[in-house]
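In each ligand, atom 1 is the first atom listed, and ligand 1 is the first ligand listed.
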Amino acid sequence: MCKKAFRIDQYLQTLSNTVFSVELLPPLRGAGIEAIYNLVDELIPYKPLFLSITYHQEEIIYEEYENNIRKRRLRKRPGTVAIAAALRFKYNIEVVPHLICGGFSREETEDALIDLNFLGIHNVLALRGDPPQHQKYFTPKKGGHRYAYELVEQIAQMNKGIFLDVDTEYPTPTNFCIGVAGYPEKHHEAPNIQTDITYLKLKVDKGAHFIITQMFFDNKYFYNFLKLTNEAGIKIPIIPGIKCITNLDQLHTIPMNFHVTIPHELVKEILKLSKPEHIKDLGIEWTVNQIKDLMANGIKCFHFFSAGKVDWITKVVNKVF
Ligand code: FAD
């Protein structure tokens, strides 16, 4: 028997203890569900509040043959809805599938949401999604959404019982709790943080119930973000996104992929180290100190970006919770 689902926004509003959640990546296409079960098996003893599962738009690749070039669609990481359901039913844990605008028409989005509703999965993270590698700029699918606020609006309409298929008789309203993304250092396409927060407010006005932030390595960005969101009238729960530096390459790959700053003080200390295990220990120590400072400032829920590795998460949780 599956534990009764709860709404994340309501749970966070009455929270007294410190909790954490984890973002998981669907395994690469072709791998079995065991790969993800192995990660979750490591996490379960630490009682995560929920697991979120990313969604990845398909890529288009061009392959050169002797006389022609063949266009091929490649879905590297399939199965977000299926993985969310498998985890919910195997571990009896709350799951948050990510839904993206990219690659989806409004009808396909509605179908995915109807499937989630049918499965009893009521918390979702509504995102625009990153453009796939073959696109420079984000381009919506024909009949799809350009911005996350439009996706939020569609889900909020379903919560009122308004579906796209107007011919459906007596549609039952859904009860989705809608999360959205926020960026303490601003989204990289936004001209400045104030403008970005104006659009974040739009997502809230359209029906978002909670925010998960992009990672940050200096808490000053998060505190400034809390101040600006408060000034903008955003009152819904905000969960800080946390990532740990565990290897040298991430000093370049993290800023490149996520458009965030790694503080000079941390970079300087990492560059003094030669052994990979020492870099990881230092990254964990930095994350632990970051979380302790956030906790001292009243933050009670933390969202860890696993990127397929959870050993650092269990170490951090052991030290701070
Ligand atoms: P939006 O809120 O639509 O914002 C995108 C940009 O448009 C911003 O610059 C914003 O300022 C601007 N904007 C918004 N509304 C308007 C408007 N009305 N007019 C003009 N400009 C506007 N990506 C994936 O592909 N899959 C995932 O699973 C995934 N998970 C994520 C989880 C978290 C916690 C976070 C923080 C990000 C995640 N991403 C994921 C990345 C995210 O999809 C990208 O950062 C994407 O580029 C923006 O998504 P968004 O939902 O913030 O978009």
Side-chain angles (χ1 to χ4, degrees), residues 8 20-27 50-59 75-81 83-84 95-104 109 112 123-141 144-155 178-216 221-222 225 228-229 232 234 236-243 254-260 301-308:
I8 286 170
F20 74 97
S21 53
V22 179
E23 177 187 284
L24 298 168
L25 257 74
F50 64 85
L51 302 172
S52 84
I53 301 103
T54 59
Y55 194 95
H56 301 267
Q57 203 184 324
E58 66 183 15
E59 304 278 345
R75 171 147 287 161
K76 282 193 197 149
R77 296 178 189 272
T80 303
V81 172
I83 291 172
V95 286
V96 181
H98 296 194
L99 289 172
I100 60 170
C101 303
F104 280 79
T109 295
N123 294 290
V124 291
L125 192 64
L127 303 143
R128 186 194 73 179
D130 280 322
Q133 274 167 19
H134 64 272
Q135 272 177 12
K136 188 158 185 214
Y137 302 106
F138 176 82
T139 314
K141 185 170 181 176
H145 301 300
R146 175 167 293 278
Y147 294 111
Y149 83 85
E150 299 167 296
L151 173 56
V152 172
E153 192 172 30
Q154 181 177 3
I155 307 171
I178 311 163
V180 290
Y183 301 83
E185 293 190 57
K186 90 170 181 66
H187 184 258
H188 64 283
E189 293 166 25
N192 57 61
I193 187 135
Q194 283 84 2
T195 310
D196 202 26
I197 286 182
T198 308
Y199 293 130
L200 178 59
K201 176 73 164 55
L202 182 60
K203 292 194 269 194
V204 178
D205 291 345
K206 293 292 180 187
H209 299 106
F210 68 96
I211 295 166
I212 302 182
T213 78
Q214 184 55 282
M215 66 190 73
F216 53 90
Y221 294 114
F222 184 70
F225 182 73
L228 294 175
T229 49
I234 295 173
I236 59 175
I238 300 178
I239 308 175
I242 303 285
K243 171 125 184 107
I254 287 179
M256 194 169 77
N257 294 327
F258 303 105
H259 312 277
V260 296
C301 184
F302 300 88
H303 188 67
F304 294 120
F305 298 111
S306 75

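Nearest protein neighbour of atom 18 (N) of ligand 1, counting heavy atoms only, is Y149 CE2, 3.4 Å. Scanning the protein for heavy atoms near atom 10 (C) of ligand 1, the closest one is D196 OD1, 3.4 Å. In this structure, atom 35 (C) of ligand 1 lies nearest to the protein heavy atom A181 CB, 3.8 Å. Annotation: atom 13 (N) of ligand 1 to nearest protein heavy atom, Y199 CD1, 3.4 Å. The protein heavy-atom contact nearest to atom 42 (C) of ligand 1 is Y183 OH, 3.5 Å. Nearest protein heavy-atom contact of atom 5 (C) of ligand 1 is R128 NH1, 3.8 Å. Of all protein heavy atoms, the one closest to atom 29 (C) of ligand 1 is L127 CD1, 3.5 Å. The protein heavy-atom contact nearest to atom 25 (O) of ligand 1 is D130 N, 3.2 Å.
Remark: ligand 1 and Y55 share an N or O pair separated by less than 3.5 Å (distance only, no angle test). Every N/O-N/O distance between T54 and ligand 1 stays at or above 3.5 Å. Residue-to-ligand polar distances keep H56 apart from ligand 1: every N/O pair is separated by 3.5 Å or more. Distances between N or O atoms of R146 and those of ligand 1 include no value under 3.5 Å. Among the atoms of G182, none of the N or O lies under 3.5 angstrom from an N or O of ligand 1. The shortest N or O to N or O distance between K203 and ligand 1 is below 3.5 Å. Between H98 and ligand 1, an N or O atom pair is found at a separation short of 3.5 Å.
The two residues V260 and Q214 come nearest to each other via the heavy atoms CG1-CG, 3.9 Å. For the residue pair F225 and I238, the shortest heavy atom distance occurs at CE2-CG2, 4.0 Å. Shown here for R146 and P140, the closest heavy-atom pair between the two residues is NH2-CD, 3.6 Å.
For the atom pair CD1 of I178 and CD1 of I155, the computed distance is 5.0 Å after rounding to the nearest 0.5 Å. Put simply, CD1 on I234 and CD1 on I197 are 6.5 Å apart, with the number rounded to the nearest 0.5 Å. Note: H98 NE2 to L25 CG = 9.5 Å, rounded to the nearest 0.5 Å. Here CG of L151 is found 6.0 Å from CG of L99. Values are rounded to the nearest 0.5 Å. Note: R128 CZ to F138 CZ = 5.5 Å, rounded to the nearest 0.5 Å. Taken from CG in L127 to SG in C101, the straight-line distance is 8.0 Å, to the nearest 0.5 Å.
For the pair I212/E23, no side-chain contact is recorded, criterion being any heavy-atom separation below 4.5 Å from C-beta on.
Ligand 1 is approached by E23 to a heavy-atom distance shorter than 4.0 Å.
Taking the six-membered ring where tryptophan is involved, the planes of Y199 and Y147 are essentially parallel, since the angle between them stays under 30° and well short of 60°.
F50 has its ring centre less than 6.0 Å from the ring centre of H303.
With ligand atoms numbered from 1 in the order given, ligand 1 contributes 9 (O) to contacts under 4.0 Å with heavy atoms of E189. Within the listing of ligand 1, atoms 36 (C) sit less than 4.0 angstrom from a heavy atom of Q214. When each atom of ligand 1 is checked for a heavy atom of A190 under 4.0 Å away, the hits are 9 (O), 11 (O). Of all the atoms in ligand 1, the ones that sit under 4.0 Å from a non-hydrogen atom of G129 are 23 (N), 24 (C), 25 (O), 43 (O), 46 (C), 47 (O), 49 (O).
Ranked by closest heavy atom to atom 3 (O) of ligand 1, the top entry among P184, G103, A148, A126 is A148.
A donor-acceptor distance shorter than 3.5 angstrom exists from the side chain of T213 to the backbone of G241, with no hydrogens or angles considered.
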